[in-house]
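Lettering follows sequence order; numbering is per chain, from 1.
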Amino acid sequence: MTENTQQRPTGAHGEPADLPTQYAPAEVEGKLYERWVERGYFEADAASEKPPFTVVIPPPNVTGSLHLGHAFEHTLIDALTRRKRMQGYETLWQPGMDHAGIATQNVVERELAKEGKSRHDLGREAFVERVWQWKAESGGQISGQMRRLGDGVAWSRERFTMDEGLSKAVQTIFKRLYDDGLIYRAERIINWCPRCLTAISDIEVEYADQDGELVSIRYGEGEDSLVVATTRAETMLGDTAVAVHPEDERYAHLVGRHIKLPLTDRSIPVVADEHVDPEFGTGAVKVTPAHDPNDFEIGRRHGLPSLTVMDDHAVITVPGPFQGQDRLEARSAIVGALRAEGRIVAEKRPYSHSVGHCSRCKTTIEPRLSLQWWVKTGPLAKAAGDAVRDGRVAIHPKEMESRYFAWVDNLHDWCISRQLWWGHRIPVWYGPGGEVVCVGPDEEPPSGEGWHQDTDVLDTWFSSGLWPFSTLGWPEKTESLEKFYPNSVLVTGYDILFFWVARMMMFGLYAMDGTPPFHTIALHGMVRDQFGKKMSKSFGNAVNPLDWMDRYGSDALRFTLARGANPGVDVPIGEDWVQASRNFANKVWNATRFALMNGATVEGPLPDAAEMSAADRWILSRLNTVVAETDAYYDDYQFAKLAEGLYHFAWDEVFDWYVELSKTTFFAGGRAAEVSGRVLGEVLDVLLRLLHPIVPFVTETLWTTLTGGESLVIADWPKDSGFRDAAAEAELAAVQQAVTEVRRFRADQGLQPGQRVPARLTLDGTQLVAHEVAMRSLLRLQPAGEGFSATASLPVAGAVVELDLSGAIDFEAERKRLNKDLAAAEKELKQTTAKLGNEGFLAKAPDHVVEKIRERQGAAEADISRIRQQLERLPQG
RNA sequence: GGGCGCAUAGCUCAGCGGUAGAGCGCUUCCCUUACAAGGAAGAUGUCACAGGUUCGAUCCCUGUUGCGCCCACCA
């Protein structure tokens, strides 16, 4: 706030303006948001007659606070729903949060560790209680941030994935899948995190190239020996075979025989298996069925036993010298022992290979045989793929479809059980006699001696996969479910296409009898810093959206994010850009302020076009074009383009040209001022509506002041009235060109912008004829009085502007400028002439292109003769 | 190893067959009574490289180079 704020400017009508000279977001945002919520604007009525529009929030993890990426996503969703609400839809933006099993458990465990405790010190029940406490705190933080952002969500419908209703949904679908044979329990190789002490699914493993060492080890003795290579030497303790290719002659004599496994007293068979690539390494592979997925398969094909050699913490359990050693420790100890026996045949060599890490804690994954629960994905994934293939669900941008297909078409079964405490407990009970009972939501679990529930919980994505309908009350047949399913669109980041989107597709289609959970998937990119680098806390470039909202306002942040939102493309964002958006908000503010002080109004019908000035008709014509363009961009999720389009229309056309051109009209008063006042009121009214979904706060403040309306949130979305005026658009283009040319000339002459110069304008018969007053005002041209002597003559748009620059003119600068213009015009003439002389061009180019080139040629010729004349007239020296 | 994408002004990115655009930054002038968070004027690009198609290519095709991302049970 500057001191200007106190100085209330006085309007043309002598009334004080109600608005300060600068927009102060902090003073309006909070109040407006609370008002919107109190009035229930964001609530969704399932009984409404209006057509529904539904979007769910991608539920943020309760683990913390929202980052810039959330702010980005929320801006897009909020803009979509606000527009639909204005269009007359019954809109539901469903809020809520995800319990985020493993992530949240890890966070709370870290908190406990600060107190020197582990979850085991508390016990399961107390620990879970502790997590609920944590959820209460950070959940509040998240909804606070959403309010600051202006998210128009239906707060009364807020859901949490561990709510009673959602838990019921989880049990219901588990039971159905189980009964349909799509959930089963099996012992397989899983990804084990020795730090989190749980199994995780395939997509929760992040692979990174890592330098390891490939060691070559001789198995067996003398003639009955061969060499295998490995990067995980410790697993040899669990080897139960060596495999070679069936047609590999080098090893044909060994197949079916047993060879001695070093460091043990075991002998293992040599088996022939197609999986082995004879070209790779020695063509012989050690087989550890309990610790490698390939080996597990080989083992199954050949009936080999599986020997688990490590415990949950990846510590060796095999009795002997290595027992109790960690896997890495054991690795080097075993290599050492083998070397001592002379079994390392080639020196170990550096080897770069891909190693899996836990996506939550980055610990190296240990593949391991384990009894877990699985979803049989085959039929579910097929349905999920087909829904996109046959067009029932569209993915934006379309390029992302190939990723989606690649995933759903090659999906392995999904390991859903987690050895955690925080999450949905698996609804399966085991009896004393080995009975297994899956318990539905309304069923009593079996009781009695020896019965116990499975101790594992479900993968967190199991419950988020139900989000589009569990939040609406499913499995109950609620009014809301009827009204708001399927969702209209899903807006989320391409990074969770597999984790979340594909799972919602599978579950939605399954649970809702083949109705996909949404019609459209709009994928956005990731927010990056101003140099395009990934934002991360550890790198120090992460931004708390609250900081920028505090400094520049929520609208500025939202506008910046929307403006960067090209579909599926990452969004770099820097503080400079937020400043630019803040400046834009302020510009809109001040333009509206000016309009209010000069009689802009929305009262009464629009005047007849016959009464309007060319400028009035021009800006209304453009306004309607912009309405149509904005709609098209919205429908195509082109946020960047619509924000950019509105920015330039507002600033360049309305503020810099229309308002400036109309100032003389406004200041002169009379009927013309009334007409333009009504037109300006109309333009701002529509512009503010168009901008509102992206920048709700500043537009609400200005619009209610301008129109006296209740709220933009529930106002009508503008429609293209169909009004177009090509003649007025052409006329105003000529005016703009003329003004710019004269200004450039003045600047070239070194005249100060404010310096008044006598001038004679000869505009008769040109498009400029009606604009003399405005041109004189914009160009600071005085009337040609006594003793006027034209020292410069500028032909523009068929008219002539003569200036008396006696005393001010710089002839050298003028000569230089003219020569430059001449060169440019000559080049243009040469180019266009060459083009028009090209027969191929004339034959094949479309008419409008040829016409355009002709025009350019004509203009160039005219320019050249004009400039030559002017150069001749210039006094020498 | 597969697949996708990107290379355009100092930076971050739009454009995608017909004389190169935006924001920020930069230069000059201006506190012109809506706005200095502003106004006016301006400079800046072998549109990665090499071929090809075309009357015409930043835009289409092929290849090269350099990046980025996703997928993959490469011992």
Taking the [atom1] atom in each of [N] and [M], what is the distance between them to the nearest angstrom?
N      : M      : atom1 : result
A9(B)  : G5(B)  : C1'   : 23 Å
U53(B) : G10(B) : C1'   : 36 Å
G63(B) : C24(B) : C1'   : 37 Å
A37(B) : G45(B) : C1'   : 30 Å
G68(B) : C74(B) : C1'   : 23 Å
C11(B) : G25(B) : C1'   : 8 Å
U44(B) : G66(B) : C1'   : 25 Å
A36(B) : A43(B) : C1'   : 23 Å

Tell me what [X] touches on the nucleic acid: a base, only sugar-phosphate, or nothing, going by heavy atoms under 4.0 Å.
X         : value
Ala843(A) : nothing
Val276(A) : base
Arg403(A) : base
Phe531(A) : sugar-phosphate
Asn838(A) : sugar-phosphate
Asp277(A) : base

Margin query: For Watson-Crick and G-U wobble pairs within 3.5 Å on both distances, what is RNA chain B written in dot-bracket notation, | included for inter-strand pairing?
Written below: ((((((((.[[[[.)..(..]]]].(((((.......))))).....[[[[[..)....]]]]])))))))....

Next item on the list: Might you point out which heavy atoms bring Thr230(A) and Arg232(A) nearest each other, and give the distance in Å?
Entry: OG1-N, 2.9 Å

Note to self: Using every non-hydrogen atom in the two residues, find where Asn566(A) and Ala640(A) come nearest and quote the distance to one decimal.
What the structure shows: ND2-CB, 3.5 Å

Compare the minimum distances between each of [options] and the side chain of [X], then state the nucleotide with the smallest one.
X         : options                : answer
Phe498(A) : C55(B), C35(B), C71(B) : C71(B)
Ala580(A) : A75(B), G23(B), C29(B) : G23(B)
His353(A) : A75(B), C24(B), U19(B) : A75(B)
Thr230(A) : U12(B), A22(B), A75(B) : A75(B)
Lys587(A) : G39(B), G18(B), A41(B) : G39(B)
Ser402(A) : C30(B), C4(B), G15(B)  : C4(B)
Tyr647(A) : U19(B), G18(B), G23(B) : G23(B)

Notebook entry, point to check: Looking at Tyr633(A) versus Phe639(A), is the centre-to-centre ring distance below 6.0 Å?
Noted result: no

Next item on the list: Decide if the gap between the ring center of His524(A) and the ring center of Tyr494(A) is smaller than 6.0 angstrom.
Entry: no

Check: Can you check whether Glu274(A) reaches Pro246(A) side chain to side chain, under 4.5 Å on heavy atoms?
Finding: yes

Margin query: Assess, by modelled atom type and distance only, whether the side chains of Tyr219(A) and Asp239(A) contain a donor and an acceptor separated by less than 3.5 Å.
Written below: yes

Next item on the list: Kindly say whether Val276(A) contributes a backbone atom to a donor-acceptor pair with the side chain of His245(A) at under 3.5 angstrom?
Entry: yes

Next item on the list: Answer yes or no: does atom CG of Asp847(A) have more than 12 heavy-atom neighbours from other residues, nucleotides or ligands under 6.0 Å?
Entry: no

